[in-house]
Amino acid sequence: PAGLEDALRALRKRLARELGVPPYMIFSDRTLMDLLAKRPRAEAELLGVFGLGAVKVGKFGAEILEAMAPWS
């Protein structure tokens, strides 16, 4: 859904701004598309998403899941 994609893009932009890094450093467009396709509901499921390893899940997993919650 477009709303979910917009929510994830907004989250990525906010986190990037807060950390002073480009948005692709938070997660890439390919990762965003994989999030939309797989719709993970738990941090363990985030590990199966392209580009999300233990470090990124540890840093951003809770916020990603929170952003996705209204669409799960």
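Computed over heavy atoms, backbone and side chain alike; hydrogens, waters and symmetry mates excluded.
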Review item, side-chain donor-acceptor pairs of residues 26-33, under 3.5 Å, at least two apart:
| unit_1 | atom_1 | unit_2 | atom_2 | d |
| --- | --- | --- | --- | --- |
| Ser28 | OG | Arg30 | N | 3.4 |
| Ser28 | OG | Thr31 | N | 3.1 |
| Ser28 | OG | Thr31 | OG1 | 3.1 |
| Asp29 | OD1 | Arg9 | NH1 | 3.4 |
| Asp29 | OD1 | Arg12 | NH1 | 2.9 |
| Asp29 | OD1 | Arg12 | NH2 | 2.9 |
| Thr31 | OG1 | Phe50 | O | 2.7 |

Under the side chain to side chain donor-acceptor pair (under 3.5 Å) definition, can you give me all pairs with a residue in residues 44-62, not counting sequence neighbours?
none
Would you indicate whether Lys38, at its atom NZ, is surrounded by more than 12 heavy atoms from other residues, nucleotides or ligands within a distance under 6.0 Å?
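Atom NZ in Lys38 is packed in, count exceeds 12.
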Run the side chain to side chain contact (heavy atoms under 4.5 Å, CB included) check on Leu19 and Phe60 step by step: do they pass?
CA-CA 12 Å; Leu19 297 173; Phe60 310 124; 3.7 Å; yes
Any pair with a residue in residues 62-72 that passes salt bridge (charged side-chain N to carboxylate O under 4.0 Å, His left out), sequence neighbours left out, goes on the list, sorted by first then second residue, please.
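For residues 62-72, and leaving out neighbouring residues, the salt bridge (charged side-chain N to carboxylate O under 4.0 Å, His left out) pairs sorted by first residue read Arg14-Glu63.
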If you take all heavy atoms of [X] and [Y], which pair is closest and at what distance?
{"X": "Pro22", "Y": "Ala16", "answer": "C-CB, 3.9 Å"}
{"X": "Leu4", "Y": "Arg39", "answer": "CD2-NE, 3.5 Å"}
{"X": "Pro40", "Y": "Leu46", "answer": "CG-CD2, 3.4 Å"}
{"X": "Ala67", "Y": "Leu8", "answer": "CB-CD2, 4.4 Å"}

Side chains of Leu15 and Glu18 in contact at under 4.5 Å (non-hydrogen atoms):
yes
Kindly indicate whether the side chain of Leu52, heavy atoms from C-beta on, has any atom under 4.5 Å from the side chain of Leu35.
yes
